[in-house]
Amino acid sequence: MTVYFIGAGPGAADLITVRGARTLAAAPVCLYAGSLVPRELLAECPADARLVDTSQLNLDEIVAECVRAHEAGQDVARLHSGDPSIFSAVAEQMRRLDAAGIPYEVVPGVPAFAAAAAALKRELTVPTVGQTVILTRIAQQATPMPPGEDLATLGRSGALLVLHLATRYVDRVVDELLPHYGAECPVAVVAMASRPDELILRGTLADIAGQVKEAGLVRTAVIVVGRTLGAEQFRDSHLYSPERDRHVC
């Protein structure tokens, strides 16, 4: 018996990986976050699969479902939105499974920031403009940020920032980044990336807060801040340069 943590992707049901879909189709038990995972994906489950919506369960109750399946010798498909490696609360579940002696594997998925970049039709790393991407969020009352990872500190790098779980606090984002990026720095907000109701806002640090408030966005969105969003005049990469010696490994 194995618990499979499966990245369901950013929203569109067809963005789950082939491996993820195959694993889901073979598992007799499926635990899924009903508030985030598209219900169309549940059609991939076996007809007689036990489906458990974990959106209203706490950690103890979720782990108890895994223990129950383990005792019955049943594989579990644990569906998480996006990719399990980022802001998924998978680490605490793995720790509990380790303690219980229950084996698990991870099936990666398409993360929200990648879906946002696709929606924006932008490469996030552009030669001579920006080669660093920071995935982060901002401190909230329930979960503070570790020392040195506050937004003002990260902003000093000038790197492209992708902020998760931050649209509700867009004023704070702007206030903390303005001193480092400037009012004219490009910003984009992508909500419901890859879904039919996808919404894209484009602007600068000077006006993006107003746009977010006017659109009524408070969740299920990422904020992307950085110069590469507006990069047009940049040097071609060395990768496809005619001057590159392709006989050198």
task: Taking the side chain as every heavy atom from C-beta outward, state whether Ile208 and Gln211 have any pair of such atoms under 4.5 Å apart.
output: yes

field: Closest approach of Thr167 to Ala221 (non-hydrogen atoms, all atoms of both residues)
entry: CG2-CB, 3.7 Å

message: Please report the interatomic distance CG(Leu199) to CE(Met192), rounded to the nearest 0.5 Å.
response: 9.5 Å

- request: Mind checking side-chain contact (heavy atoms from CB on, under 4.5 Å) for Asp98 and listing every partner two or more places apart, or none if nothing turns up?
  value: Tyr104

- prompt: When rounded to the nearest 0.5 angstrom, what is the spacing between CG in Leu177 and SG in Cys185?
  reply: 8.0 Å

- prompt: Are a donor atom and an acceptor atom from the side chains of Glu65 and His70 found within less than 3.5 Å of each other?
  reply: no

task: For the residue pair Tyr32 and Arg39, confirm or rule out a side-chain donor-acceptor distance under 3.5 Å.
output: yes

- prompt: Looking only at atom types and distance, does a side-chain atom of Arg19 sit under 3.5 Å from a main-chain N or O of Pro108, one as donor and one as acceptor?
  reply: no

message: Keeping Thr2 on the side-chain end and Tyr4 on the backbone end, is there a donor-acceptor pair under 3.5 Å?
response: no

Side-chain donor or acceptor of Tyr181 paired with backbone N/O of Arg227 under 3.5 Å: no

query: Is the shortest heavy-atom distance from the side chain of Leu24 to the side chain of Cys30 under 4.5 Å?
result: yes

Any donor-acceptor pair under 3.5 Å from Ser194 side chain to Ala12 backbone: yes

- prompt: So which heavy atom on Gly109 is nearest to which on Pro84, and how close?
  reply: N-CD, 4.0 Å

message: Nearest 0.5 angstrom please: Phe5 CZ to Gln93 CD, how far?
response: 4.5 Å

- prompt: Do the side chains of Arg137 and Thr143 get nearer than 4.5 Å, heavy atoms only?
  reply: yes

- line: Interatomic distance, CG@Asp53 vs CG@Leu79, rounded to 0.5 Å, equals 11.0 Å

task: Working to the nearest 0.5 Å, report the span between CD of Glu44 and OG1 of Thr23.
output: 11.5 Å

field: Test log, rule side-chain contact (heavy atoms from CB on, under 4.5 Å), inputs Val29 and Asp75
entry: CA-CA 6 Å; Val29 178; Asp75 286 344; over 6 Å; no

- prompt: Are any side-chain N or O atoms of Asp83 and backbone N or O atoms of Val110, one a donor and one an acceptor, separated by less than 3.5 Å?
  reply: no

query: Looking only at heavy atoms, which two atoms of Ser81 and Val37 are closest? And how far apart?
result: N-CG2, 4.0 Å

- request: Measure the shortest side-chain to side-chain distance between Leu31 and Cys66 over non-hydrogen atoms and say whether it is less than 4.5 angstrom.
  value: yes

query: Does a sphere of radius 6.0 Å around CZ in Arg168 hold more than 12 heavy atoms from other residues, nucleotides or ligands, not counting ones at 6.0 Å or beyond?
result: no

query: Hey, quick one: are Ile134 and Val190 part of the same hydrophobic cluster, counting side-chain heavy atoms closer than 4.5 Å, chains of contacts allowed?
result: no

- request: Using the rule that two of Ile, Leu, Val, Met, Phe, Trp, Tyr join whenever any of their side-chain heavy atoms come within less than 4.5 Å, decide whether Leu217 and Leu205 are in one cluster.
  value: yes

field: side-chain contact (heavy atoms from CB on, under 4.5 Å) against Ala152, all qualifying residues, sequence neighbours excluded
entry: Asp150, Glu176, His180

task: Assess whether side-chain hydrogen bond (donor to acceptor under 3.5 Å, both in side chains) is satisfied between Arg78 and Thr54, documenting all intermediate values.
output: CA-CA 10 Å; Arg78 177 67 174 111; Thr54 61; 3.2 Å; yes

message: Can you pull out every salt bridge (Lys or Arg N to Asp or Glu O under 4.0 Å) where at least one residue sits in residues 188-202? Sequence neighbours excluded, please.
response: none

- request: Measure the shortest side-chain to side-chain distance between Leu160 and Thr132 over non-hydrogen atoms and say whether it is less than 4.5 angstrom.
  value: no

statement: Scanning both residues in full, the closest heavy-atom pair of Gln131 with Thr125 reads NE2-C, 3.8 Å

Cluster overlap Leu151 with Val170, hydrophobic side-chain contacts below 4.5 Å: yes

task: Verify the neighbour count for atom CZ of Arg172: are there more than 12 heavy atoms of other residues, nucleotides or ligands below 6.0 Å?
output: yes

- request: Kindly say whether Met1 contributes a backbone atom to a donor-acceptor pair with the side chain of Gln74 at under 3.5 angstrom?
  value: no

statement: Rounding to 0.5 Å, atoms CG (Leu42) and CD (Glu40) come to a distance of 8.5 Å

- request: Could you tell me which non-hydrogen atom of Ala27 sits nearest to which non-hydrogen atom of Ala49, and how far apart they are?
  value: O-CB, 4.0 Å

query: Are Lys213 and Asp171 side-chain neighbours, meaning at least one heavy-atom pair lies under 4.5 Å?
result: yes

- request: Determine, using the 4.5 Å side-chain heavy-atom cutoff (strictly less than), whether Val218 and Leu163 are members of one ILVMFWY cluster.
  value: no

message: Any heavy-atom pair between the side chains of Val106 and Ile6 that's under 4.5 Å?
response: no

- prompt: Would you call Val189 and Val222 a side-chain contact if the rule is heavy atoms closer than 4.5 Å?
  reply: no

field: Where Ala112 and Pro10 come nearest, the two heavy atoms and their spacing
entry: CA-CB, 4.2 Å

query: What do the steps show when you test Ile223 against Val187 for side-chain contact (heavy atoms from CB on, under 4.5 Å), and what is the final call?
result: CA-CA 7 Å; Ile223 303 175; Val187 183; 3.9 Å; yes

field: Shared hydrophobic cluster, Val212 / Val224 (ILVMFWY, side-chain heavy atoms < 4.5 Å)
entry: no

